[in-house]
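I have placed the structure first, in the form of structure tokens, so that the comments after it can refer back to it.
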Amino acid sequence: DFPMANPLQGSGGGGDDAFVAKLAKNGQRLAYSTYLGGSSRDRAMGIAVLKGRAYVAGNTNSTDFPANPLKGTRGKRRGPIGGVDVFVSKLAQDGQEFVYSTSLGGSGNDRVEGLDVDPKGQVYLIGSTRSVDFPTENPVQGTVGGGQDAFVAKLTEDGQRPVYSTYLGGPGDDRGQGLDVGREEQLYATVTTTDSEAVADSIANPDTDTDAEAMPVGGQFESGNDSLIVTVQDLAPDIAVQKKADPTSCRRCGANSAS
């Protein structure tokens, strides 16, 4: 009996569902409130708003989650591709329909930790993957490094294709935790790792239209548990400024959260 108002999905799909709600300006009533989920477990992990439209990212284990895989990635069927997958849904201003809803994942478990949106409406994601076949596009690291790698991805404005999608990881377990997007469309990602130098080496000198640089938070690469700030930027011809961003300008390297 979660309170609904002008819902896109008026009843729970089963198991745990995500929800998205918008309050009126005075905070006294719901402008809209809706379930978002399929027949299994679904969880929202991040939300951003641009021009009145909500962008929601989360994790789904539902084969009937209302999303279609990104074009050019694995799978053509509706719902998760394998295990837990990432979903990204953009809602209309009134919350009553999708502008788009898409999924991203491989044959293993893939989990998003946060998202951000730039002024063009391009979505940026960060998370972790245990898929050896996680879909990559213009990657700085095209193959999995260890048991669990971090990943970052940037989607086109229509949410249909990845501009880039890449592993970030070494031979141990690595986890993508937070992100922020700069004015020149550079992505700042925080990654926890068991081998920071190996991660930095794995993303050096990629043969793609994407550039990346890793900087240890403590100033020195460590062989044990460590945290990195990784700067990623696509170098497509329409990017006016093609230079490495300064990681020290990261304003908030922490994941957005949503219920």
Side-chain angles (χ1 to χ4, degrees), residues 1-71 73-117 121 123-131 135 153 155-161 255-259:
D1 58 352
F2 189 83
M4 294 284 102
N6 303 312
L8 166 67
Q9 179 181 332
S11 58
D16 296 332
D17 282 350
F19 74 87
V20 186
K22 177 182 177 180
L23 304 185
K25 289 183 179 180
N26 62 9
Q28 300 302 306
R29 63 179 181 83
L30 290 167
Y32 68 76
S33 177
T34 184
Y35 288 104
L36 191 58
S39 57
S40 190
R41 299 186 64 181
D42 312 288
R43 184 180 182 186
M45 297 298 294
I47 188 167
V49 178
L50 179 68
K51 298 178 181 178
R53 297 175 178 88
Y55 298 75
V56 184
N59 305 315
T60 177
N61 199 37
S62 297
T63 57
D64 55 353
F65 188 88
N68 291 304
L70 286 172
K71 292 179 180 178
T73 63
R74 292 185 69 254
K76 297 181 180 179
R77 65 185 178 86
R78 202 172 181 85
I81 299 166
V84 179
D85 279 356
V86 175
F87 72 83
V88 182
S89 300
K90 178 182 177 181
L91 277 61
Q93 288 184 336
D94 61 7
Q96 295 185 49
E97 62 181 0
F98 289 119
V99 177
Y100 65 76
S101 187
T102 190
S103 61
L104 177 67
S107 56
N109 289 332
D110 314 290
R111 292 181 170 87
V112 69
E113 294 290 341
L115 90 162
D116 206 346
V117 180
V123 169
Y124 300 74
L125 304 170
I126 188 167
S128 304
T129 176
R130 289 190 177 275
S131 296
L155 308 187
T156 54
E157 185 178 348
D158 62 5
Q160 299 304 303
R161 294 182 181 275
N256 300 316
S257 61
S259 298

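Please read all numbers here as calculations on a predicted model, not as lab measurements.
Two residues are said to be in side-chain contact when any heavy atoms from C-beta on lie closer than 4.5 Å; Val112 and Phe87 fail this criterion. Under the 4.5 Å side-chain criterion, counting only non-hydrogen atoms from C-beta, Ile47 is in contact with Val20. In this structure the side chain of Asp85 never reaches within 4.5 angstrom of the side chain of Phe65, judged on heavy atoms.
Counting all heavy atoms, side chain and backbone alike, Ala18 lies closest to Arg43 at CB-C, 4.3 Å. Minimum interatomic distance between Ala48 and Leu115 (heavy atoms only, all atoms of both residues): N-CD2, 4.1 Å. Closest non-hydrogen pair, Gly106 versus Pro135, comes out as N-CD, 4.1 Å. Taking all atoms of both residues into account, the shortest heavy-atom contact from Ser107 to Ser131 is N-OG, 3.4 Å. What you find for Arg130 and Asp110 is that their closest heavy atoms are N-OD1, 4.1 Å. Annotation for Ala67 and Ser103: closest pair CB-N, 4.1 Å, computed over non-hydrogen atoms.
Separation of atoms OG1 (Thr60) and CG (Asp42) is listed at 3.5 Å; rounding is to 0.5 Å. A distance of 10.0 Å separates CG in Leu125 from CG in Asp116, rounded to the nearest 0.5 Å.
Residue pairs meeting the side-chain hydrogen bond (donor to acceptor under 3.5 Å, both in side chains) criterion with at least one member in residues 26-40, sequence neighbours excluded, are Ser39-Asp64. Residue pairs meeting the salt bridge (Lys or Arg N to Asp or Glu O under 4.0 Å) criterion with at least one partner in residues 13-27, sequence neighbours excluded, are Asp16-Arg41. The salt bridge (Lys or Arg N to Asp or Glu O under 4.0 Å) pairs that include a residue from residues 89-100 number zero, where partners must be two or more places apart or lie in different chains.
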Tell me, with the steps shown, if Leu30 and Leu23 meet side-chain contact (heavy atoms from CB on, under 4.5 Å).
-> CA-CA 5 Å; Leu30 290 167; Leu23 304 185; 3.4 Å; yes
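In terms of modelled atom types and a separation under 3.5 Å, the side chain of Gln93 and the main chain of Lys51 share a donor-acceptor contact. With hydrogens and angles ignored, the 3.5 Å screen pairs no side-chain donor or acceptor of Asn6 with any backbone N or O of Gln96. Thr102 contributes a side-chain N or O that, together with a main-chain N or O of Asn68, makes up a donor-acceptor pair within less than 3.5 Å.
For Ser128, the side chain to side chain contact (heavy atoms under 4.5 Å, CB included) partners at least two apart in sequence or on another chain are Gln148, Arg175. Residues satisfying the ring-ring contact (aromatic ring centres under 6.0 Å, His included) test with Phe2, not counting sequence neighbours, are Phe19. With sequence neighbours left out, Ser89 forms a side-chain hydrogen bond (donor to acceptor under 3.5 Å, both in side chains) with Ser101. Ser11 is linked by a side-chain hydrogen bond (donor to acceptor under 3.5 Å, both in side chains) to nothing, counting only residues two or more places apart in sequence or in another chain. Taking Leu50 as the reference, Tyr55, Val117 meet the side chain to side chain contact (heavy atoms under 4.5 Å, CB included) condition, with sequence neighbours excluded. Arg111 pairs by the side chain to side chain contact (heavy atoms under 4.5 Å, CB included) definition with Asn59, Val84, Asn109, not counting sequence neighbours. The side chain to side chain contact (heavy atoms under 4.5 Å, CB included) check on Thr156 picks up Asp158, Arg161, Val163, with sequence neighbours excluded.
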